[in-house]
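What follows is a short report on a single structure.
A, B, ... follow the sequence lines: proteins, then strands. Residue 1 opens every chain.
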There are 2 protein chains.
Amino acid sequence: MIDHSADRAVFRQLADLLRNSIASGELGPGEPLPSELRLAQDYGISRTTVRQAIGQLRTEGLVTVDRPRGTFVRVPEAVQTVTLGRGERVGARMPTDAERRKHRLAEGVPVLVVTAADGAETVHPADRVQLARP
Amino acid sequence: MIDHSADRAVFRQLADLLRNSIASGELGPGEPLPSELRLAQDYGISRTTVRQAIGQLRTEGLVTVDRPRGTFVRVPEAVQTVTLGRGERVGARMPTDAERRKHRLAEGVPVLVVTAADGAETVHPADRVQLARP
DNA sequence: GATTATTTGTTCGTATGTATC
DNA sequence: AGATACATACGAACAAATAAT
């Protein structure tokens with residue numbers, strides 16, 4: 001499973017394995033990942049390396065951590081559709097730490113930024129909002 | 001500058017300091033951050049903790065790393081505006097590791113996902129593309 | 001061109017804290 | 001109370017790539 005002589009870093013290899021398990025449905029939404037200690041023992045690597053791999057998946061928005069219960073495959077949020085006004089433009093970026101706390105955003109979730117004609121910006125959590133052209 | 005007795009983790013405090021320096025323009029686009037070793041010495045913390053702070057800024061898309069030259073404040077990309085087709089919807093999410101490499105996306109950059117009426121999805125790098133309602 | 005110094009990347013180990021079961 | 005699990009922080013070592021001498 002893990003190839004220590006490979007070019008790709010061990011933590012990236014583990015992230016790939018876990019990502020594939022999620023993509024294939026082997027690890028479904030809401031299901032827990034094995035604990036960090038368990039993964040470390042199973043693959044014969046340190047807990048530090050396991051945490052790097054899980055950190056990768058967190059930044060990708062694939063898993064959420066409920067400390068100290070465990071790490072779980074993210075469950076998709078209900079998506080609300082917002083209609084775009086005339087002449088509005090849409091961009092996306094990562095929120096800052098302060099924005100994350102303010103809007104209670106999960107890790108790895110971008111924000112949609114809607115810029116009105118007058119330059120006013122509105123921010124929407126990208127895991128709960130989709131924008132539609134009428 | 002750093003309060004070890006504070007509630008907020010040391011690496012988050014350092015991330016806040018650096019983020020403020022960037023927001024204020026004290027550290028302008030393209031300018032290098034002090035080296036990890038330098039930051040560790042200046043603030044009397046370990047390099048591990050410095051790396052956590054910089055990792056935070058990387059996931060927020062504020063800095064890019066050019067190894068081993070250093071870590072730099074990100075320079076904004078030229079934005080291309082794409083017009084939305086009729087009935088198309090727009091979402092955003094973080095790219096997977098594979099998508100990042102495929103589209104040569106920098107860290108901390110989300111993708112805009114345009115879903116057509118027939119369900120077909122198109123992906124745009126959010127640092128170079130803005131969507132407009134005609 | 002070769003060597004050295006610098007800087008980030010990866011990985012290990014250890015310890016302590018905190019919240020949950 | 002005790003075990004479990006994630007968070008934070010320290011230290012150390014080596015690799016790899018670039019820059020400087």
#### Entry: Closest-nucleotide ordering on DNA chain C, the 5'-leading residue of B:Gly70 and A:Gly44
B:Gly70
### Query
Do A:Arg89 and A:Val114 touch side chain to side chain, with heavy atoms closer than 4.5 Å?
no
### A:Arg19 side chain near A:Glu60 side chain, heavy-atom distance below 4.5 Å
yes
Rounded to whole Å, how long is the line connecting atom [atom1] of [X] with atom [atom2] of [N]?
X        : N      : atom1 : atom2 : answer
B:Gln52  : C:dT10 : CD    : C1'   : 15 Å
A:Glu107 : D:dC6  : CD    : P     : 13 Å
B:Arg38  : C:dT6  : CZ    : C1'   : 14 Å
B:Arg58  : C:dT8  : CZ    : P     : 10 Å
A:Arg51  : C:dG13 : CZ    : C1'   : 15 Å
B:Arg12  : D:dA9  : CZ    : C1'   : 13 Å
B:Glu36  : D:dG11 : CD    : P     : 15 Å
B:Ile54  : D:dT8  : CD1   : C1'   : 17 Å

### Query
What nucleotide among C:dT7, D:dG11, D:dT8 has an atom nearest to a side-chain atom of B:Ser46?
D:dG11
### Task
Go through C:dC12, C:dT8, D:dT8 for me and flag the one nearest to the B:Thr71 side chain.
C:dT8
### Message
According to side chain to side chain donor-acceptor pair (under 3.5 Å), does anything in residues 30-41 of chain B pair up with another residue at least two apart or in another chain? List the pairs.
### Response
B:Glu36-B:Arg47, B:Glu36-B:Arg51, B:Arg38-B:Asp42
### Task
Would you check if the side chain of B:Arg128 reaches a backbone N or O of B:Glu77 as a donor-acceptor pair within less than 3.5 Å?
no
### Message
Check whether B:Gln13 reaches the backbone of B:Asp3 with its side chain - one donor and one acceptor, N or O, closer than 3.5 Å.
### Response
yes
### Query
Contact class for B:Thr48 (heavy atom, under 4.0 Å): base, sugar-phosphate, or nothing?
base
### Task
Would you classify B:Arg8 as touching base, sugar-phosphate or nothing, given that sugar-phosphate means primed atoms plus P, OP1 and OP2, and contacts are heavy atoms under 4.0 Å?
nothing
What pairs of nitrogen or oxygen atoms, one from the protein and one from nucleotides 13-21 of chain D, lie under 3.5 Å apart?
residue: D:dA16; atom: O4'; partner: B:Arg67; partner atom: NH2; Å: 3.2

### Message
Quick check on B:Arg104: does its CZ atom have over 12 non-hydrogen neighbours (other residues, nucleotides or ligands) under 6.0 Å away?
### Response
no
### Query
For B:Asp118, does the CG atom sit with more than 12 other heavy atoms under 6.0 Å from it, leaving out its own atoms?
yes
